[in-house]
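Predicted model, so just to flag it, every value in this text is computed and none were measured.
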Amino acid sequence: MNELLTKLAECVEFGKINKAAPFPPQMKGQDGADEITRQALDSGVPAQDILGEGLMPGMERVGIKFRENKVFVPQVLMSAKAMSTAMVHLKPYFASGEAKQKGTFIIGTVQGDLHDIGKNLVAMMVEGNGYKVVDLGTDCPAEKYLAAIRENPGAVIGLSALLTTTMTSMEKITREIKNAFPETLVAVGGAPVNDDFRLKIGADVYAPDPQGVVEFLNTKIA
Amino acid sequence: MMNIADVIFEQTYRFDELTIDLDQLSRDLGYEFDDLPEPFAGYLEQVVDDCRHLTDICGTYRLMDCVHSGDGARTVMAGNVEFKVGKTIANELLRAEKLAVFVCTAGKTISEKSAVFLKGDDPVLGYVYDIMGSAITEAVGDEIQQVISREVSLLGEKITNRYSPGYCHWNVADQHKLFSLFPAAPCGVTLTASALMHPVKSISGVIGIGKNVVFRHYQCDLCNMPNCVYRGK
Ligand code: B12
């Protein structure tokens, strides 16, 4: 495999944004995701390969390490930043259709709830694994999800809730989505949510961590 | 003589008056304090410096008579307000003669700052503000707990640990009843219909008081939340 892509995967895995970034200490002074993506494009590596063979493998390793408690939220944020810095260079190729994402994931924190770090981590990880992510923000009523599905047919939905009181809102939203779009897949998560609750409200998958929903998407969409 | 149960204590705190465990914060960032790499070390220093300017860190409590009636195994009464605290917490409060109901907050400033950076282009800095906000909130809880402990010890009374709606089978919606015991927006904290406190970095709860209550560390084997803030405390 192209050596630049191997290096790029490492930049994402360890959160090396660009040459100037001091983090991580062991990569100080080396090129980061920013420079390497540019170099790869300049040397003719297709944007699709940069995404699929450089960025995605790096992000997948982060997701697994996060699930195994080997890295924490800040390291994931660093990796996500490295990823998004690289994506800036790739944007024109997605716009022209030369490179493609695997599918679309729409995520939001349910109505009545304002927590967003957990939801953001899921969004970053899903995006880093090659999906287009539509982030609806927090305190989202059912109509907002429904409108987003209309705009993005075939998208999978993610609902996040951090309080037991707002889990009722998660139930209501899931039912409304399933009524309007029976084929649409709904993933649920957040600290008080579990698989029994997922089953009760008729959602399709519960995952305790972002990697879980990535794996679900990879089996259902990719 | 003034009836003690009618007094609402409210106190703002400066950051430096609180005990913040920087070692724990470092661990939340993924490192031991002495090995904290850049940019985390610099961020933590920056956030600590900034927190010294906070003026809206606040804790408040009110002492209420505690009545055990009705379904005593699962509920307690603060005055005439019934809290459905569930078996575990009811058991801890069984011998309480009074209850201190409390609300503590790290304030609007840090909650907003964290949100701005998290949504903006420096989520890592936002996250450092976020976990600092949580640490400040709990540190105010510790202070309030000590104030109450000192106060009641003058009367030969002791306190229990603190318990919050949303933990150990106590429904988070009971916060509406808890807030009804305070004037509107205690310490500037308000409650949404879905029982979410604003600012986000806030906690609410009760502490049992009495000659025969026992301070016990949290009984974590009853709960399955692996990374709970109260684990082992
Ligand atoms: C830190 C913390 C606090 C802090 C900060 C709160 C804040 N919002 O910033 C403080 C101390 C202030 C606090 C206060 C309270 N808290 Co609190 N808190 C926590 C704690 C320990 C961590 C939350 C956190 O930041 N996690 C980190 C983020 C990254 O994780 P996350 O949001 O869960 O997201 C991850 C997963 O859930 C998942 N995920 C999230 N969304 C989605 C979506 C999909 C589709 C998928 C697949 C996955 C997924 O992926 C994310 C990344 O791994 C949790 C317990 C826990 N260990 O989770 C309790 C917890 C959230 N708190 C709880 C409670 C009850 C409260 C209070 C109501 C207590 C009180 N009465 O005072 C208050 C409420 C505050 C308010 N504003 O209303 C309960 C909520 C459940 C419930 N009973 O309703 C929890 C779950 C603890 C428990 N043991 O029950 N809390």
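Heavy atoms of other residues, nucleotides or ligands lying less than 6.0 angstrom from NZ of Lys144(A) number more than 12. Environment of CD in Glu45(B): sparse, with no more than 12 heavy atoms of neighbouring residues, nucleotides or ligands closer than 6.0 Å. The number of heavy atoms from other shown groups lying within 6.0 Å of CG (Asp16(B)) is above 12. Other residues, nucleotides and ligands contribute over 12 non-hydrogen atoms within 6.0 Å of the NZ atom of Lys178(A). Atom NZ of Lys65(A) sits in a crowded spot, with more than 12 heavy atoms from other residues, nucleotides or ligands closer than 6.0 Å.
Contacts between residues 26-42 of chain B and chain A, counted as heavy-atom pairs separated by less than 4.5 Å, involve Arg27(B), Asp28(B), Leu29(B), Gly30(B), Tyr31(B), Pro37(B), Glu38(B), Pro39(B), Phe40(B).
For Met197(B), the side-chain contact (heavy atoms from CB on, under 4.5 Å) criterion is met by Gln175(B), Phe179(B), Val189(B), Leu191(B), Ser202(B), Ser204(B), not counting sequence neighbours.
For the atom pair CG of Asp135(A) and NZ of Lys119(B), the computed distance is 10.0 Å after rounding to the nearest 0.5 Å. Atoms CG and OG1, on Asp174(B) and Thr165(A) in that order, are 11.5 Å from each other to the nearest 0.5 Å. Taking CG of Leu118(B) as the reference point, atom CD1 of Ile117(A) lies at 4.5 Å (rounded to 0.5 Å).
Leu163(A) and Ala195(B) get closest at one heavy-atom pair: CD1-O, 3.9 Å.
Your options are Gly112(A), Ser84(A), Ala80(A), and the one with the most heavy-atom pairs under 4.5 Å with chain B is Gly112(A). Interface remark: of the candidates Thr164(A), Leu162(A), Val73(A), Val73(A) forms the most heavy-atom pairs closer than 4.5 Å to chain B. Heavy-atom pairs under 4.5 Å with chain A were tallied for Val128(B), Leu196(B), Val200(B); the largest tally goes to Leu196(B).
Of the two parts of Asn69(A), neither the backbone nor the side chain holds a non-hydrogen atom closer than 4.5 Å to a non-hydrogen atom of chain B. Contact of Lys70(A) with chain B is not made at all, since no heavy-atom distance falls under 4.5 Å. With a 4.5 Å cut-off on non-hydrogen atoms, Ala173(B) touches chain A through its backbone and its side chain both.
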